[in-house]
Amino acid sequence: MGSTSKAMCLCFLVVAILLAAYSSPTEAQNANVSTLQFYLHDIVSGPNPTAVRVAGPPPSNATSSNPLASIFGSIYVFDDPLTATPELNSTLVGRAQGLYAAAAASLNDEFALQMTVTYAFVSGPYNGSSITVAGRNPVMRDGPRELPVVGGTGAFRLARGYCLAKTYSMHGMDAVIGYNVTIIHY
Ligand SMILES: *[C@@H]1O[C@H](CO)[C@@H](O)[C@H](O)[C@H]1NC(C)=O
Ligand SMILES: *[C@@H]1O[C@H](CO)[C@@H](O)[C@H](O)[C@H]1NC(C)=O
Ligand SMILES: *[C@@H]1O[C@H](CO)[C@@H](O)[C@H](O)[C@H]1NC(C)=O
Ligand SMILES: *[C@@H]1O[C@H](CO)[C@@H](O)[C@H](O)[C@H]1NC(C)=O
Ligand SMILES: *[C@@H]1O[C@H](CO)[C@@H](O)[C@H](O)[C@H]1NC(C)=O
């Protein structure tokens, strides 16, 4: 092959790559970006908890300044209501159903949960659709925590995105968490 034809091959290759790069955004151009705002209520105490501990080491008597560190290894199953405003009696927009595990091993580590959860919407424009979120959640952090949206169903089929979650109020281990979610879907 002469250097001219080599150069032509290279040229075709470059054109092919450019065409591929320009044709794939068709999908991205058709994408919808949705933003959702809601509040999650995680209730561990009282007669009607929405989160229950299902596995883990026996509770220890560790007298630590960070009581959460003593629950390392605990796994909870939860079915937490999602509401439109921070009040539990406000409009129910969905339910967060999933698992979280206390995943910070030592007192020196920042306390964090590993979460795998589906937020299923039961009212509003996304009634019947859901998003699935999986990731690390350093729940004691003051600023917003970021969790990846890894997929969805219904209106959120093929979704990708992220949640910003911030503790709105906390009583013992019961917490109200504000969520702002940005979702790209088709
Ligand atoms: C957005 O969503 C609507 C309804 O789900 C759909 O018809 C449309 O093709 C999507 N894309 C754009 C760019 O609106
Ligand atoms: C925890 O404390 C209780 C009561 O104070 C005691 O009966 C129990 O043996 C302690 N458990 C451990 C693992 O130290
Ligand atoms: C909702 O609960 C709050 C207290 O948390 C109360 O002040 C308010 O009246 C309740 N609203 C309704 C509609 O029940
Ligand atoms: C949500 O969708 C379900 C199933 O289609 C329906 O039964 C229910 O009435 C809807 N809820 C609201 C608040 O629109
Ligand atoms: C969500 O966005 C609103 C502004 O639209 C902001 O006031 C709130 O702090 C945000 N919450 C989170 C958890 O980022």
Side-chain angles (χ1 to χ4, degrees), residues 33-57 59-60 62-124 126 130-152 156 159-183:
V33 178
S34 296
T35 55
L36 308 179
Q37 190 170 1
F38 53 78
Y39 292 84
L40 173 148
H41 303 260
D42 192 54
I43 304 161
V44 181
S45 65
N48 298 310
T50 63
V52 293
R53 185 180 183 276
V54 295
S60 77
T63 52
S64 125
S65 57
N66 179 1
L68 292 172
S70 68
I71 67 169
F72 170 61
S74 297
I75 297 173
Y76 291 77
V77 173
F78 63 99
D79 180 356
D80 289 347
L82 307 175
T83 58
T85 74
E87 279 70 47
L88 185 53
N89 58 10
S90 63
T91 305
L92 184 74
V93 301
R95 308 202 68 87
Q97 298 175 331
L99 302 162
Y100 56 75
S106 92
L107 273 175
N108 301 324
D109 293 342
E110 180 181 41
F111 184 79
L113 302 176
Q114 168 64 34
M115 299 182 68
T116 304
V117 50
T118 295
Y119 298 77
F121 300 102
V122 300
S123 70
Y126 303 116
S130 73
I131 54 170
T132 295
V133 169
R136 177 177 186 268
N137 187 354
V139 288
M140 303 310 288
R141 202 179 278 182
D142 279 341
R145 288 94 66 175
E146 186 175 342
L147 290 158
V149 174
V150 298
F156 299 129
R160 283 176 297 128
Y162 61 93
C163 305
L164 294 179
K166 202 157 71 179
T167 304
Y168 176 83
S169 65
M170 203 162 174
H171 299 103
M173 274 184 64
D174 297 349
V176 179
I177 314 290
Y179 271 77
N180 286 350
V181 188
T182 302
I183 308 167

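Any value given below was found using the heavy atoms of this structure, including those in side chains, with hydrogens, waters and symmetry copies removed. This structure is a prediction, so every number in the text was calculated from the model and none was measured.
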Review point. So which pairs with a foot in residues 134-148 pass salt bridge (Lys or Arg N to Asp or Glu O under 4.0 Å), sequence neighbours left out?
Key: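 Residue pairs passing salt bridge (Lys or Arg N to Asp or Glu O under 4.0 Å), neighbours aside: Glu110-Arg136, Glu110-Arg141.
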**Study point:** Selection residues 78-88 - residue pairs positive for salt bridge (Lys or Arg N to Asp or Glu O under 4.0 Å), sequence neighbours left out
**Key:**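 Sorted result for residues 78-88: Asp79-Arg95.
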Point to revise | Point-to-point distance, once rounded to the nearest 0.5 Å, from CD of Gln37 to CG of Leu82 | key: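 That separation rounds to 13.0 Å.
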Review point. Say you draw a straight line from CZ of Phe38 to CG of Asn180; how long is it, rounded to the nearest 0.5 Å?
Key: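 Answer for the CZ-CG pair, Phe38 versus Asn180, is 9.0 Å.
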Practice item. Please name all residues satisfying ring-ring contact (aromatic ring centres under 6.0 Å, His included) with Tyr76, sequence neighbours left out, ordered by chain then number. Key: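 Only Tyr100 meet the ring-ring contact (aromatic ring centres under 6.0 Å, His included) criterion with Tyr76.
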Check your understanding: With Tyr162, which residues qualify under ring-ring contact (aromatic ring centres under 6.0 Å, His included), at least two apart?
Key ->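 None.
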**Study point:** Residues that Ala103 engages under side-chain contact (heavy atoms from CB on, under 4.5 Å), provided they are two or more places apart
**Key:**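 With neighbours one apart ignored, the set is Gln114.
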Exercise for review: Decide whether Thr50 and His41 meet the rule of one side-chain donor and one side-chain acceptor closer than 3.5 Å.
Suggested key: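 No donor-acceptor contact under 3.5 Å links the two side chains.
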Practice item. Answer with yes or no whether the side chains of Thr118 and Thr132 bring together a donor and an acceptor at under 3.5 Å. Key: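 Yes, because at least one side-chain N or O of Thr132 sits under 3.5 Å from a partner of the opposite role on Thr118.
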Is there side-chain contact between [X] and [Y], with at least one heavy-atom pair below 4.5 Å?
X: Asn48; Y: Ile43; result: no
X: Tyr119; Y: Val149; result: no
X: Cys163; Y: Val181; result: yes
X: Val139; Y: Met170; result: no
X: Ile177; Y: Asp42; result: no
X: Leu36; Y: Tyr179; result: no
X: Thr182; Y: Val33; result: yes

Practice item. Go through Tyr39 and Val93 one step at a time and tell me if the side chain to side chain contact (heavy atoms under 4.5 Å, CB included) criterion holds. Key: CA-CA 9 Å; Tyr39 292 84; Val93 301; over 6 Å; no
Show the nearest heavy-atom pair for residues [X] and [Y], with the distance to one decimal.
X: Pro148; Y: Ala134; answer: CG-O, 3.1 Å
X: Phe156; Y: Ser130; answer: CB-O, 3.5 Å
X: Val176; Y: Pro86; answer: CG1-O, 4.0 Å
X: Phe72; Y: Ala104; answer: CD1-O, 3.1 Å
X: Ala102; Y: Leu113; answer: CA-CD2, 3.9 Å
X: Leu99; Y: Val77; answer: CD2-CG2, 3.3 Å

Point to revise | With Ser34 via side chain to side chain donor-acceptor pair (under 3.5 Å) - residues at least two apart | key: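 Ser34 satisfies side chain to side chain donor-acceptor pair (under 3.5 Å) with Tyr126, His185 once adjacent residues are dropped.
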